[in-house]
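Data block below; observations after.
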There are 2 protein chains.
Amino acid sequence: MARAPRHGPYTCGIDAALDVVSGKWKGFILWELEVHGVRRFAELRRGMPGVSEKMLTQHLREMEEDGLVHREVHAEVPPRVEYSLTEHGRTLNQALGPLGAWGGERMRREGLEVATAEIPQG
Amino acid sequence: MARAPRHGPYTCGIDAALDVVSGKWKGFILWELEVHGVRRFAELRRGMPGVSEKMLTQHLREMEEDGLVHREVHAEVPPRVEYSLTEHGRTLNQALGPLGAWGGERMRREGLEVATAEIPQG
DNA sequence: CTGTATCCCTGGCGATACTG
DNA sequence: CAGTATCGCCAGGGATACAG
């Protein structure tokens with residue numbers, strides 16, 4: 001069971017939204033699917049150097065549970081699974097827009113570094 | 001040192017913003033200071049049944065470090081310390097607005113419960 | 001290719017006691 | 001009143017191996 005003790009009583013909408021976005025890679029998944037529309041498991045994985053299969057699967061499953069992500073399995077060999085945003089996930093991304101802009105500002109102000117998706121630190 | 005391994009390279013603005021808001025009570029602190037303008041330590045504490053002094057202090061310090069919260073110490077006996085939002089904190093709250101609305105929608109849709117701030121579960 | 005299963009470790013958080 | 005110091009739990013997350 002995923003993140004069971006959460007989905008608990010919330011103090012406000014921020015809490016309820018944060019619960020759904022909390023997870024080391026969820027912001028990035030949302031962004032990838034927003035930009036690319038549809039992505040396969042391995043494509044997402046390549047976009048996030050450092051993520052383990054376990055965590056990627058787990059995050060994807062939780063986001064599916066939360067109705068943010070649509071998972072389409074094609075009965076082929078080799079298997080092909082495609083992920084995309086639901087309408088619900090798209091509205092979340094829109095709500096995240098101003099926050100992302102604020103964060104971008106913060107990075108500029110504080111001179112914080114951007115993780116380049118292509119360099120896995122080694 | 002607070003949350004040291006973070007403030008790390010971010011994949012995007014969402015990441016950078018989430019880093020600053022992550023923490024069990026930070027959303028609530030932001031909200032309290034938005035509504036009340038100025039709050040003392042004990043007032044915040046009373047508003048959040050269940051929080052420990054340690055966590056409240058820690059969160060407040062991190063938010064001060066991050067430039068979200070202003071801490072004003074009055075040299076009196078008994079001591080009086082007042083917390084308020086910085087301009088920076090206020091713009092974060094504004095950026096959080098749409099997300100809060102989305103979360104509120106989610107709670108309504110899913111029939112999720114609201115934690116009443118007055119009932120500490122027992 | 002797309003996942004499960006297992007083990008382990010870190011750090012976020014809670015509880016309690018003590019201090020200026 | 002407004003904190004600090006210490007201890008310990010446990011869930012999130014990483015590494016690795018295995019499976020359909």
Side-chain angles (χ1 to χ4, degrees), chain A residues 1-8 11 15 18-29 38-66 69-84 120-122, chain B residues 1-8 11 15 18-29 38-66 69-84 120-122:
Chain A
M1 116 200 36
R3 205 178 56 264
R6 280 303 235 129
H7 286 277
T11 56
D15 244 38
L18 250 24
D19 186 29
V20 132
V21 173
S22 295
K24 191 166 179 183
W25 310 91
K26 287 189 181 176
F28 198 71
I29 293 173
V38 175
R39 296 245 93 177
R40 301 181 57 175
F41 187 85
E43 289 174 331
L44 286 170
R45 193 155 134 65
R46 271 192 295 276
M48 306 179 247
V51 72
S52 64
E53 285 124 5
K54 186 189 103 175
M55 285 316 299
L56 184 51
T57 301
Q58 185 176 309
H59 279 164
L60 252 10
R61 288 292 138 81
E62 290 179 5
M63 293 170 79
E64 196 189 354
E65 250 185 67
D66 290 335
V69 160
H70 174 66
R71 179 167 177 266
E72 182 118 25
V73 182
H74 299 266
E76 307 174 359
V77 175
R80 179 161 57 100
V81 180
E82 292 181 329
Y83 293 92
S84 56
Q121 315 289 29
Chain B
M1 118 198 35
R3 207 179 55 263
R6 279 303 234 130
H7 285 274
T11 56
D15 244 37
L18 249 26
D19 186 28
V20 132
V21 174
S22 294
K24 190 168 180 184
W25 311 91
K26 287 190 182 177
F28 198 71
I29 293 173
V38 174
R39 294 246 95 177
R40 300 181 58 175
F41 187 84
E43 289 175 331
L44 286 170
R45 194 156 134 63
R46 272 193 296 274
M48 306 180 246
V51 73
S52 63
E53 285 124 7
K54 186 188 108 178
M55 285 317 299
L56 184 51
T57 301
Q58 186 176 310
H59 280 163
L60 252 9
R61 288 292 138 82
E62 291 178 5
M63 293 170 80
E64 196 189 351
E65 249 186 67
D66 290 336
V69 161
H70 173 66
R71 180 169 177 264
E72 181 119 24
V73 182
H74 298 268
E76 303 174 359
V77 174
R80 181 162 56 101
V81 180
E82 293 181 331
Y83 294 92
S84 56
Q121 314 288 29

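The figures that follow rest on heavy atoms only: side chains count, while hydrogens, waters and symmetry mates do not. Here is how names work: the chains are called A, B, and so on, in the same order as the sequence lines, proteins then strands, and each is numbered from 1. It should be emphasised that the depicted structure is a prediction, and the values quoted were computed from it without experimental measurement.
- At the phosphate of D:dA2, neither OP1 nor OP2 sits under 4.0 Å from any side-chain N or O atom of B:Arg61.
- For B:Pro79, the listed nucleotide lying nearest its side chain is C:dG20; candidates were C:dG20, D:dA15, C:dG14.
- When the P atom of C:dG14 is taken as reference, atom CG of B:Leu56 falls 11 Å away, rounded to whole Å.
- In this model, the phosphate group of D:dG12 is not approached by any side-chain N or O of A:Trp25 to a distance below 4.0 Å at OP1 or OP2.
- In plain terms, the two heavy atoms of A:Gly47 and A:Pro49 that are nearest each other are O-CD, 3.3 Å.
- Contact annotation for A:Arg45: no contact, since no heavy-atom pair falls under 4.0 Å across all strands.
- Minimum atom distance to the side chain of B:Thr57 is reached by D:dG3, of the listed D:dG3, C:dT2, D:dC1.
- A sub-4.0 Å separation between OP1 or OP2 of C:dT2 and a side-chain N or O of A:Arg46 is absent.
- Within the 4.5 Å cutoff, the side chain of A:Leu44 has no heavy atoms near those of the A:Trp25 side chain.
- What separates CG of B:Leu60 from C1' of D:dT4 is a distance of 15 Å, to the nearest Å.
- For the atom pair A:Phe28 CZ and A:Leu56 CG, the distance stands at 11.0 Å (nearest 0.5 Å).
- Proximity of A:Glu43 to A:Tyr83: side-chain heavy atoms (C-beta onward) are nowhere separated by under 4.5 Å.
- From one end of the helix from C:dC1-D:dG20 to C:dG20-D:dC1 to the other, with five pairs defining each end axis, the axis direction shifts by 50° (rounded to 10°).
- With sequence neighbours left out, A:Glu82 forms a salt bridge (charged side-chain N to carboxylate O under 4.0 Å, His left out) with A:Arg80.
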Pairs under 3.5 Å (N/O, protein and nucleotides 17-19 of chain C):
none

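- Taking B:His70 as the reference, B:Glu72 meet the side chain to side chain donor-acceptor pair (under 3.5 Å) condition, with sequence neighbours excluded.
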(message) As a quick check of understanding, evaluate side-chain contact (heavy atoms from CB on, under 4.5 Å) for A:Met48 and A:Ile29, giving each step before the final call.
(response) CA-CA 9 Å; A:Met48 306 179 247; A:Ile29 293 173; 3.8 Å; yes

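- Atom CD in A:Glu62 sits roughly 11 Å away from atom C1' in D:dG13 (whole-Å rounding).
- To the nearest angstrom, P of C:dC13 lies 7 Å from CD of B:Gln58.
- With sequence neighbours left out, B:Arg61 forms a salt bridge (charged side-chain N to carboxylate O under 4.0 Å, His left out) with B:Glu64.
- For the pair A:His59 and D:dG12, the criterion of a side-chain N or O lying under 4.0 Å from OP1 or OP2 is not met.
- Taking atom CZ of B:Phe41 as the reference point, atom C1' of D:dA2 lies 6 Å away to the nearest angstrom.
- For B:Val77, there are no side chain to side chain contact (heavy atoms under 4.5 Å, CB included) partners at least two apart in sequence or on another chain.
- Here D:dC10 presents its P atom at 17 Å from CE of B:Met55, a figure rounded to the nearest Å.
- Residues meeting the salt bridge (charged side-chain N to carboxylate O under 4.0 Å, His left out) test with A:Arg40, sequence neighbours left out: none.
- A:His74 comes within contact range of no nucleotide atom at all, as no heavy-atom separation falls under 4.0 Å.
- One can place CZ of B:Arg39 at 16 Å from C1' of D:dA2, the figure rounded to the nearest angstrom.
- Minimum atom distance to the side chain of A:Lys54 is reached by D:dG14, of the listed C:dT2, D:dG14, C:dT4.
- Here A:Arg40 reaches the OP1 or OP2 of C:dT2: one of its side-chain N or O atoms lies under 4.0 Å away.
- If you take OH of A:Tyr83 and P of C:dT2, they are 8 Å apart, rounded to a whole angstrom.
- With hydrogens and angles left out, the side chain of A:Lys24 and the base of D:dG12 share no donor-acceptor pair within 3.5 Å.
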